[in-house]
Asker: 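Please read through the structure below; I'll follow up with questions.
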Amino acid sequence: MPKMIVSIDEVVIKEVQLTKERTTLGRRPYNDIVIDNLAVSGEHAVLQMTGSEVFLEDLNSTNGTYINGKAVKKQQLHNGDGIEIGKYKIKFVGDGVVDNFDKTMVVRARPAVAPQAAPASGYPTSAGDSTGIGAFHAAIKVLSGAASGREVPLTKVVTTIGKPGVAVAAITRRQHGYVVHHVEGAGNPTLNGSPIGSDPISLKNGDLVELAGTQMQFVQT
């Protein structure tokens, strides 16, 4: 089944399978694929599927729709095509292509150049740490909601948390620790009760992050 993988700044924020003949994309909440950003028109584009063929049509959007860097009005999509809408990039994966996309609440992105398997503890070793800061071990512990009690090690350079289409934040690993910033959505994420904006904020052990109604704790050892 063909699908669209949406990302911003190389961070995957959602994956949508194309199951209907007509799939709409835009900023308004009634679209099938919602991208909550002012660069995206309310009704930006539509995907039309006929058999195994998928066509993308721009709906006279303000900022246009681009496929592989070229502005288009209507064009058939092929596996691997890259669609650009504002700062968002959407990869088209054709029908029958196998993909190991992570469907968990926390979406992992920007994998290490040469990743190595983590030990049983779930934390990476220094040898498998592409950033060269193996002394830092950190995780996000979910404190509320359906995933309460779950702990996810932060083993990638960038890990996104939240609910695509509602609110998404990104935790980035830097040379001297971790920072968090708001990626998309109007869910008003907070850090220890204070709003998280688009500017990175440093994280400390025990910090509480609330996002889309879910409370999480940053744990660093």
Asker: Do the side chains of T159 and V152 get nearer than 4.5 Å, heavy atoms only?
Answerer: no
Asker: Roughly how far apart are Q76 CD and L56 CG, rounded to 0.5 Å?
Answerer: 11.5 Å
Asker: Please find the pair of heavy atoms, one from T155 and one from R173, that lie closest to each other, and give the distance.
Answerer: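 So the minimum-distance heavy-atom pair works out to O-NH1, 4.3 Å.
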Asker: On a heavy-atom basis, which atom in Y178 and which in L154 lie closest, and how many Å separate them?
Answerer: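 Shortest heavy-atom separation between Y178 and L154 comes out as OH-O, 3.6 Å.
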Asker: State, with a plain yes or no, whether a side-chain heavy atom of I140 is found less than 4.5 Å away from one of V219.
Answerer: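 A side-chain contact is absent here, since even the closest heavy-atom pair is not under 4.5 Å.
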Asker: Do K74 and D58 sit within salt-bridge range, that is, some charged N less than 4.0 Å from a carboxylate O?
Answerer: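 D58 and K74: not salt-bridged.
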Asker: Contact between Y88 and N37 at the side-chain level, heavy atoms closer than 4.5 Å - yes or no?
Answerer: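 The answer is yes, as the side chains (C-beta and beyond) meet within the 4.5 Å cut-off.
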Asker: Write down the atom of Q217, the atom of G206, and the distance for their closest heavy-atom approach.
Answerer: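 What the structure gives for the nearest pair is NE2-O, 3.5 Å.
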Asker: I need the minimum non-hydrogen distance between H44 and A39, along with the two atoms involved.
Answerer: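 Between these two residues, the closest heavy atoms are CE1-O, 4.2 Å.
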Asker: Closest heavy-atom contact between M49 and G51?
Answerer: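 Closest approach of M49 to G51: CG-O, 3.7 Å.
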Asker: Within a 6.0 Å radius of atom NZ on K73, are there more than 12 heavy atoms belonging to other residues, nucleotides or ligands?
Answerer: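 Yes, because the 6.0 Å sphere around NZ of K73 holds more than 12 heavy atoms from other groups.
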Asker: Please answer whether the main-chain N or O of Q215 pairs with a side-chain N or O of S144 as donor and acceptor at a distance below 3.5 Å.
Answerer: yes
Asker: Determine whether L25 and V34 make a side-chain contact, defined as any pair of heavy atoms from C-beta on separated by less than 4.5 Å.
Answerer: no
Asker: Side chain of N205, backbone of Q220: donor and acceptor closer than 3.5 Å?
Answerer: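 Between the backbone of Q220 and the side chain of N205 there is a qualifying donor-acceptor contact (under 3.5 Å).
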Asker: State, with a plain yes or no, whether a side-chain heavy atom of R174 is found less than 4.5 Å away from one of S202.
Answerer: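 The answer is no; the side chains never approach within 4.5 Å.
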Asker: Kindly determine whether V16 and K3 satisfy side chain to side chain contact (heavy atoms under 4.5 Å, CB included), including the steps that lead there.
Answerer: CA-CA 5 Å; V16 179; K3 61 185 174 182; over 6 Å; no
Asker: Pair K141, M216 - check side chain to side chain contact (heavy atoms under 4.5 Å, CB included), show working.
Answerer: CA-CA 5 Å; K141 184 176 182 179; M216 293 161 273; over 6 Å; no
Asker: Assess, by modelled atom type and distance only, whether the side chains of N31 and T24 contain a donor and an acceptor separated by less than 3.5 Å.
Answerer: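 Yes, side-chain donor-acceptor contact under 3.5 Å.
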Asker: Do T50 side-chain atoms and E53 backbone N/O form a donor-acceptor pair below 3.5 Å?
Answerer: no
Asker: Could you walk me through whether S7 and K89 pass the side chain to side chain contact (heavy atoms under 4.5 Å, CB included) check?
Answerer: CA-CA 5 Å; S7 65; K89 297 184 185 298; 3.9 Å; yes
Asker: Could you point out which residue of T23, D32, V54, L47 forms a side chain to side chain contact (heavy atoms under 4.5 Å, CB included) with M4?
Answerer: L47
Asker: Given side chains that start at C-beta, do those of I35 and R27 come closer than 4.5 Å, heavy atoms only?
Answerer: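 They are not in contact (no side-chain heavy atoms under 4.5 Å apart), so the answer is no.
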Asker: Heavy atoms, side chains only, cut-off 4.5 Å: are L203 and L191 in contact?
Answerer: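 Sidechains of L191 and L203: in contact.
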Asker: With heavy-atom distances below 4.5 Å as the criterion, would you say the side chains of V209 and T190 are in contact?
Answerer: no
Asker: Tell me the closest heavy-atom pair linking S41 and T62, and the distance in Å.
Answerer: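 Distance-wise, the nearest heavy atoms are OG-N, 3.0 Å.
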Asker: Start with the C-alpha distance between I171 and I161, add both sets of side-chain angles, then the distance that settles side chain to side chain contact (heavy atoms under 4.5 Å, CB included), and finish with yes or no.
Answerer: CA-CA 8 Å; I171 296 176; I161 57 176; 4.1 Å; yes
